Amino acid sequence: MEFAELIKTPRVDGVVLHRPFMPTVEGTLCLTGHHLILSSRQDNTEELWLLHSNIDSIEKRFVGSLGTIIVKCKDLRVIQLDIPGMEECLNIANSIEALSTLDILSLMYPFFYRPMFEVIEDGWKSFLPQDAFKDLETMTDEWRLSEVNKDFSVCPSYPPLVAVPKDVDDDILRKVASFRHGGRFPVLSYYHKKNGMVMMRSGQPLTGTNGRRCKEDEKLINATLRPGKRGYIIDTRTINIAQQAKARGGGFESEANYPQWRRIHKAVERSNVLQESLIKLVEACNDQSHSMDRWLSKLEASNWQSHVKEILTTACLAAQCIDREGASVLVHGTEGADSTLQVTSLAQIILDPACRTIRGFQGLVEREWLQAGHPFQQRCAQSAYSNSKPRQEAPVFLLFLDCVWQILRQFPCSFEFSESFLVLVFEHSYASQFGTFLGNSTAERAKLSLPEKTVSLWSWVNRPQELERLTNPLYEANSLVIWPSVAPQSLLLWEGVFLRWNRSSKCLDEAYEEMVHIIEYNKELQNKVNSLRRQLAQLETEDPLLQTP
Amino acid sequence: MEFSEHIKTANVEDVVLRQPLHPPGRGTLCITGHHLLFSDREEGSCRQVLLLLRNIDAIEKSVENLLTYSSLFSNAGLSQRLSGSSGTITIKCKDLRVFQLDIPGMEECLNIARSIETLSCLDIVSEMYPFFYRPSNASLRDQCGLSSPERHYSQMKELHDRWRLSTVNRDFSVCPSYPQAVIVPKSTDDDMLEKVAKFRQGGRFPVLCYYHKKNGMVIMRSSQPLMGANRKRCREDEQLLLAVIDGSDKGYIIDTRSSQQALQAQMTGGGFESKSCYSSWKRLQRQMERGKALQESLIKLVEACGDESNNMDRWLSKLENSKWLSHVQTALSTAGLVAECVERDGHSVLVHGSEGTDSTLLISTLAQLIMDPGCRTLEGFLTLLEREWIQAGHPFQKRCAHSAYSHARLQQESPVFLLLLDCVWQLWQQFPLALGFSETLLLRLSTEAYVSDYGTFLCNNQQERCALGVKENTHCLFQALLRPGERDCYSNPLYEHTELAIWPSVHPQSLHLWRGFFLRWTPQTHHLEEAQEEIRNMVIEWGKLALS
C-alpha cells in the first residue's frame, strides 16, 4: 500500500481554516495517509485533526490563485480551507477525494491506530454472546446456546453463537435457516424477566408465490409460546409490501400455518427513502434563509420526524405486547438487519432498565446491531453531503440513536448516559479510529481479525475519565418500564446532531456545567451531612450524657 | 350586585371531574360568585380544584337527549327521569387547560352551564374577584407595585442633566393611557408637551423608556404622528425629538408597520415622520403582526397543539400555518435591531407603530432585556413589566378578555403580552444563565394576565385603575411574587449576573415552540418539569444548609 502515491502535495503553509463558531486559524496544512492536519504551530490554539474517512464530500473554488476547499464531514460539520496557490489547492483536493473514498478495509485507520491510553478492559471481549447467555441462564432454562453457525455457514450475518429454544436441535435450525431470508432464522433477542415473555427476530419467511411452508420454522417459533398462549408477529412492512415480497420469493407467516400467532403490519421506511430523508433534513438545517415558514416546511418535507415517530411507535407496540399483553413477539421485515433491529433494540430500551446504563447500552449496540449483523460498512459509507450515487447507504442506526434521544429527553432521569454519549456513538459509526463499526457482520470482522488488530471503541469509553464525561448527572436508577409519548407534538428535532454546527452551544454548555456543578456540590453536602450524623450517633452511644434531652 | 341571581344550582353531588395529568375524581361541585369549586369525596383523598370562573374561556355542554330517553322509559315519572339523566360540561380555560365535568341530572347540568356562561363573562371590573380577594398573609396597606415613574427617575441620577420628570399628565387629561408622570427632555416644557400630544395618536407623545448608561443613548416610545393626508407638521414634536438626539449625528425611528401600512395610515389621519421634517432621524419599517391576526395565530396554534390525529406532517404544517413562530421571530429580530442601534452603533431610537400600546411595548421591553442586565433579575424583570406594560398603558382588559378557545366574536383581543412572554422564554432558553427568573414565572404571568386574584393586570391604563381604586382595593401580584416563599420558585437557580448584552439568535432553526406553555397539560412535559424541580430543590436545600 502506498498512500504516498495519492499525495502530491503533502504540506502547504499559510492555509486559513474557517470552522463554525471558532476563530479562524492560519497555519500549515499536512496530509497524511489517514488525516488532514492543520497546525498553527502556536501554543493555545487547537489543531485540526480530521480523519479522511470522516469526509463526505468536498467542493473547490478559485478566486485568482487563492483556492478554497469546502470540506463536508460525515458528522455534518462543514469547514473551509483557504489555500494559496492553485496547484497546491488542486493537489490537496485530489488527494482528499482519493483518500476519503478508499474502501479497502484493511487500509483503514483503525488498523494503524495505536492507543495512547491504557486499556483497562478490552472492549472486544466485554460483550460476548456466551456472557450474555450466562445472564439469561440465571433467569430461565428454556433456552440454549447453539453453535450451529460457528463457521458462519448457516447464516453469514449471524454470530457463531445464538440463543434458541432448548427443544430445537441444530438440524431443525439448518432447515429453518433455508426458509428464512439470508439464513436469518428466529433467534432470541430479549427475555422479559418480569413475565418470562420473549422477543425474537429473524428474516422474512421465504414462502414465495405458492405459499411454501416449513414445519420446522413453525415448530421453532411455537416452541417459544406458553401452552394456550398466542404470540404476535410484528412485520415492519405494510401488508402491500409484504404481499409484493412474495413475488420475489419472500413473504410472511400466513394465518393458516401459524394459527397461534397474530400478525401486525407497520410501515417503517427503509434504505433509500431514509437516506434521502436525511439529505433533505440536513439541507434544511443548513438553510441560511431567515424565513420561518421555509424552515418548517422543509423540516416537514424531509419526513425525518415522521420516520422517528413510526419507528418509536412500532417499538412501543412490541414492548406493549410483551409487558402489557403478556405475549411473546417475533419481529422481522425483509432482511431483518435494519428496521427489525431498530424495533427490537428500542423495545429493550423501553422495557429493560439495564439497557439505559452506559454499559448496558454498549451491550445493546453490540448484541442487537453489531453481532446481529447490521451492515454498518454499507449503511454508513456515505452521509448527508455525499454527491456520489447512493448504493446501500441508509441512516438506520442514526435513526435508532435519534429515537433513543427522544426517549432520553422525555425521561431525563432514567438514563445513566447523557446526550453526548449518543453523539459520540453516532460519530464513530461513520468514521473512527476504532475498529468497532468496521465490517458488515461478525464473520467479516473475524476474517479481518479486527479484535486482534484494532482497538474497540468500548475500550476507550470504559475508562473513568471518559465515563465521567458521558454520565448523566440527573440519573437515578429506576426499574420501571418507560413509555415514551409518540404524539408528533412530543417529538423534537435532535439539535445535538443536526444543528450542532449551526448554533453556538456556548451558553447551553455553560448552563449544563453549572447544573453538573450544583449536583456534585449537593452530593458533597449530603455526604458531609451523613458523616456528621454518623459522628453524632457514635458520640451519643459512647457517652449517654451527651444525649439530647 | 347579586351573583346569586345567576346561580340556580349552587351545589351538585356525585360529579365526575376529568382533568389533565390527574386520574378522574368523583365529588361535589359548587358554584360561587367567582369560583367553581370541586372537592373530591373519594376515600383517602381530599383533592380540591378551585377555579376562577373568569378563567373559563369557553364551555361546551352535551346532555342526553330527553326525548329518546323518555320514549325508552315512558313509564317512569318525570322527576325520576330527569335525575336519571346526566350531562357533560367541557370547560376550556384561558390557561389552556381543559376540564370535563359529568353532572348527574340534566337540569342541574344546564343550570351549572348557564351560571358559568354568565358569570365568566361579567365585565364589570369592580365586581371582579381581585376586589374580594383578601389573603391572610397580606394587608391592603402593603406597598402596591414595585416602583413608580418618580422613583424610577430619582434612581437614575445620570439622567438628571438632560431629562426631567413632567407631571403634565397628572390628571390624565393630556394622554389618558399614560401614567401621571413621564420622563422627557429637559428643554421641552409642559406647554410644548401638550401641543405634541395633540399631534400624536391618543396623546402618546414621545417619552423616555430606557437610558443606556454605557453611552447615554436612549429608547423613546410614542404613537404615530397625526400628519394626515395633507402632511400636517408640528414644530414642537420636531423640537422634542431634536432635543433627544442633542448634538449626536442621528437617531433611528423604528416603525413597527410596513411602509405601505404607514402610507395607508396617513390617509386615515395618521402617518409617519417625513424625511424633510425630521432630517436627523432615519426611519426603518419593520412590519409586525398585530391585533386580530395575532389572536387568530394563537387560536390556530392552540388548535394544532390539541390535534390528536397523530400525524407528523399534519402537526408540522399546522404549526407552520399558525405563523406563531414567525411572529416570535419578527419580534425578536426587531428588538435586536433596536438594541443594535443603541448598543453597537451608539444612536438613540424612537419606537412606534400606530397606537404605541402593543408591538411598540413588545419591542421596547425586549430591547431592554437584551441590553440591560438590571432587567434580567427577578425584581428587575417585574419592574420592567410594571413600567413598560402596566404604567405604559397596554390595554390588558381588552387584549386579554378572551384566549384561544373562545367562541365569542373577537373584539380587541390579542395575545401581545403572551407573545412577549414567549420571546422572553426564547431568550431564557438561549441564555440559561443570564436571566434571574424561571420559566415558572413566565407561565404564572401567562395565566395572571388573563385571570388573577390580584389587581395588577386589571383595567386598560392607570387612569382607569385610579378611577376604580385598584391600588387601594386589590392586592399586588408583583409584591406577592417577591415574598420569600414564592421567590424561590420563580428564581432561576442557574442565574449568574452578566454585564454583557445577550444577542438572541433569530435563525428559524434556533426558535422553538414554547412547549412549557402550549403543551403544558400534556403528560410528557411533566417529566421535564420534574427534572427542573429536582435542581431547584437542591439549590433551596443548600440555602438552608448555608443558614444552619
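In this text, all values refer to a predicted model and were calculated from it rather than measured experimentally. Atoms considered below: every heavy atom in the structure, side chains included; atoms not considered: hydrogens, waters and symmetry mates. Throughout, a chain's letter reflects where its sequence line sits, starting with A, and its residues are numbered from 1.
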When rounded to the nearest 0.5 angstrom, what is the spacing between [atom1] in [X] and [atom2] in [Y]?
| X | Y | atom1 | atom2 | result |
| --- | --- | --- | --- | --- |
| A:Gln489 | B:Glu308 | CD | CD | 8.5 Å |
| B:Asn321 | A:Asp293 | CG | CG | 8.0 Å |
| B:Trp315 | A:Ser306 | CH2 | OG | 13.5 Å |
| B:Leu433 | A:Glu510 | CG | CD | 5.5 Å |
| B:Ser326 | A:Leu296 | OG | CG | 7.0 Å |
| A:His290 | B:Thr330 | NE2 | OG1 | 11.5 Å |

Region of [X] in contact with chain B, defined by heavy-atom distances below 4.5 Å:
| X | result |
| --- | --- |
| A:Glu495 | side chain |
| A:Ala301 | neither |
| A:Thr313 | neither |
| A:Asn502 | neither |
| A:Ser291 | backbone |

Review point. Do you know which of B:Gln430, B:Glu320, B:His507, B:His512 has the most heavy-atom pairs with chain A at a distance under 4.5 angstrom?
Key: B:Glu320
Check your understanding: Between B:Pro432, B:Ser309, B:Ser333, which shows the greatest number of heavy-atom pairs under 4.5 Å with chain A?
Key -> B:Pro432
Of the non-hydrogen atoms in [X] and [Y], which two are nearest, and what is the gap between them?
| X | Y | answer |
| --- | --- | --- |
| B:Leu494 | A:Glu514 | CD2-CG, 3.5 Å |
| B:Asn310 | A:Ala487 | OD1-CA, 3.7 Å |
| A:Cys285 | B:Gln509 | O-NE2, 2.9 Å |
| B:Phe431 | A:Cys507 | CD2-SG, 3.4 Å |
| A:Ile518 | B:Pro493 | CD1-O, 4.2 Å |

Considering only heavy atoms, which portion of [X] lies under 4.5 Å from any heavy atom of chain A: side chain, backbone, both, or neither?
| X | result |
| --- | --- |
| B:Asp307 | both |
| B:Ala434 | neither |
| B:Gln329 | side chain |
| B:Val328 | neither |
| B:Ser505 | neither |
| B:Gln429 | backbone |

**Study point:** Top contributor to chain B interface from A:Leu493, A:Leu492, A:Leu508 [non-hydrogen pairs under 4.5 Å]
**Key:** A:Leu492
